[in-house]
Structure formats: structure tokens, C-alpha cells
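Some notes on the structure that comes next.
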Amino acid sequence: MTTAGSTREPKYQRIAGALRRDIAAGRYAPGDRLPGENDLMAEHGVARMTARQALAVLQAEGLAEARKGAGVFVREFQPIRRRGIGRLSREQWGSGRSVWQADVGDRDLAVEVVEVAEGEAPPAVADVLGTAAVWLRRRRYVLDGKPVMVSVSYFPAGLVAGTPITATDTGPGGAYARLAELGRAPERFREEIRSRMPGADETRQLHLAAGTPVVVIWRTAFTADGTPVEVNEMVLDAASYVLEYEFEG
């Protein structure tokens, strides 16, 4: 039954909704080609621009991707299930594994170290760490050939100067294992999560389709006595992630 609300919905949104339901029902499987603009124009009696907008909605949501000269296809990329608590346990990084291995398992992950440098922290980071003098590690994460996250970690310069944390390769277990060797192991974490639209540089680095939002996670790592030893700003392709948290009541 058509409601008053649905009649006010733009035609391209209704077409996108129908295609979305077909994908959810399995009528179009990952890798399948969706109806093209001509097909949608004929089926729904709409103009080409309307059909194009409908397909653009699915691309912006991460459900579909355009292939030059071939059409629009249901996206085959498998979302990452980011288990926000277990991935940060000492059992993970203390055994020489990176926290990322908890998320991706045996999938093909490449971590591109973009920059490791001594510098001045942004004011918000300096307020948390209690110092503006930091070493930063800027990285891009590419999973199965697709960029999914850019990240920058800030460490107090006085704590990590001259340690492997300032090298390109921090070694087994990553920076947290090196902090433990300094007697400053992270024991508690705080994450703040928000969503927003990406900046131009983030869009470029993450190869985002127009209209795709990002999830921003700010994580602070604390020692047992409550001293902050790292602030990590992560910008995630929102279409590539499921964020999972487990709590006991």
C-alpha cells in the first residue's frame, strides 16, 4: 500500500530501495551486475538522471561499485568486523600479533607506513598527553586491495625517543609490545566514536565514492596508573566496517 510519506519520497530513492531489498533477499549476489540505466528507465518509466541517481545511492552506501565500461555491480567486499574489546587485550599484542590480526584473520592486509616523525601534536592531542612534543606514526591500511582506514598515532616524545616505536617497523606485537618493554604497558583504553563526511584528502586516500561517510575513532591508551601513552586517530571507510563491542551486565 502506498502511503502519503512514500509518495513524497523521490523516485530515485524508491528505485534504490527496491534494488537494496533485492540485494538483501539474494536476488542479486555479490559480483552480480545490477540493472543498468536503460533497464531502470524502461522498468520504472523514469528519466536517465533518475536511474543514475538510484544507482549512485547504492554506490554511496557501499552496496555497489561501478566498473568502467561494464556497469554497476553488487560489491563483493566483505566488511571487517572490528571487535573493539578483544583486539586490544594483552593476549593479542603480548604474543607478538598485531591488534589488526584480530580483525582480519587470514585476509590479505597491507599496512603502509606513510610517515614516522618527531613533531608537534595538535592541541586536542597535547591536552590528553600533557605534552605537545610527540613522535607520530601515520599509516594506511589496505585490505584485499582496498584502502579501508588511515590512522595516526601520537606518543610522548620523551617516552619513546630512541626506541623502535620511532622506526618504520616496530617489531612483533607493535607499539604496545614496545611500550610494555619500557615498563609502560597499556592497561586501559578509551575510545570515542563519531561519524562525519570525509575531507578531500581522506576521500583520496580511502578511494571513497561520492557521499560515503567515514567513522572516526579516537583511542587513548593508559598505563595502570592512568598515564596516557598514546592517542590514535583512526578514520574508517564506514561502508567497510561493523563495530562490535561486548559488555557484561
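Computed from a predicted structure; not experimentally measured.
R196 is listed as a side-chain neighbour of V235, based on a closest heavy-atom distance under 4.5 Å. With a 4.5 Å cut-off on side-chain heavy atoms, T212 and P198 do not count as touching. Side-chain contact check for V72 versus L58: every heavy-atom pair is 4.5 Å or farther apart. At a threshold of 4.5 Å between non-hydrogen side-chain atoms, the residues V142 and L109 do not count as touching. Counting heavy atoms from C-beta outward, L19 and P35 have side chains that approach closer than 4.5 Å. Residues V152 and N232 form no side-chain contact, since every pair of their non-hydrogen atoms from C-beta on lies 4.5 Å or further apart. In this structure the side chain of W135 reaches within 4.5 angstrom of the side chain of V116, judged on heavy atoms. Contact of the T227 side chain with the F222 side chain is not registered, since no non-hydrogen atoms from C-beta on lie closer than 4.5 Å.
Both M234 and Y241 belong to a single network of hydrophobic side chains, linked directly or stepwise wherever heavy atoms of I, L, V, M, F, W or Y lie under 4.5 Å apart. V160 and L136 are members of different hydrophobic clusters when ILVMFWY side chains are connected at heavy-atom separations under 4.5 Å. V216 and V148 fall into different hydrophobic clusters, where Ile, Leu, Val, Met, Phe, Trp and Tyr residues are linked whenever their side-chain heavy atoms come under 4.5 Å apart, directly or through other members. Under a hydrophobic-cluster definition in which Ile, Leu, Val, Met, Phe, Trp and Tyr are linked whenever side-chain heavy atoms come within less than 4.5 Å, directly or via other members, L40 and I23 are assigned to the same cluster. Hydrophobic clustering, with ILVMFWY side chains joined whenever heavy atoms are under 4.5 angstrom apart, keeps L63 apart from L208.
Using a cutoff of 4.0 Å between basic side-chain nitrogens and carboxylate oxygens, R219 and E191 are scored as salt-bridged. A salt bridge is absent between R204 and E202: the closest approach of a Lys/Arg side-chain nitrogen to an acidic carboxylate oxygen does not fall below 4.0 angstrom. Ion pairing between a basic and an acidic side chain is recognised when a charged N comes within 4.0 Å of a carboxylate O; D237 and K146 show such pairing. Salt bridge status for E65 with R67: present, with a side-chain N to carboxylate O gap under 4.0 Å.
Pairing each heavy atom of A29 with each of V74, the nearest pair is O-CB, 3.4 Å. Minimum heavy-atom separation, R33 to G71: NE-CA, 4.2 Å. Minimum heavy-atom separation, E37 to R48: OE1-NH1, 3.1 Å. Closest approach of A64 to L34, counting heavy atoms only: CB-CD1, 3.9 Å. Across all non-hydrogen atoms, the minimal contact from S153 to R139 is OG-NH2, 3.0 Å. Of all non-hydrogen atoms in P228 and P156, the two that sit nearest each other are O-CG, 4.3 Å.
Checked by atom type and distance alone, the side chain of R140 never pairs as donor or acceptor with a backbone atom of M149 at under 3.5 Å.
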### Task
Please assess R20 against V57 for the test side-chain contact (heavy atoms from CB on, under 4.5 Å), listing each intermediate value before the final yes or no.
CA-CA 10 Å; R20 192 184 300 112; V57 168; 3.8 Å; yes
Pairs of donor and acceptor atoms involving the side chains of residues 118-132, under 3.5 Å and at least two apart or interchain, shall be tabulated with distances.
residue	atom	partner	partner atom	Å
T131	OG1	A133	N	3.1

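Within 6.0 Å of CE on M197 lie more than 12 heavy atoms contributed by other residues, nucleotides or ligands.
The CZ atom of R75 sits 11.0 Å away from atom CD of Q59, with the distance rounded to the nearest 0.5 Å. The CD1 atom of I165 sits 8.5 Å away from atom CD of E181, with the distance rounded to the nearest 0.5 Å. Between the CG atom in L236 and the OH atom in Y141 there is a gap of 10.5 Å [rounded to 0.5 Å].
The side chain to side chain contact (heavy atoms under 4.5 Å, CB included) test applied to V229 returns L159, L179, R184, A221, T223, not counting sequence neighbours.
A cation-pi arrangement is absent between R137 and F155, since the terminal nitrogen or guanidinium carbon is not both under 6.0 Å from the aromatic centre and inside a 45° cone about the axis.
Between the side chains of T220 and R188, no donor N or O sits under 3.5 Å from an acceptor N or O.
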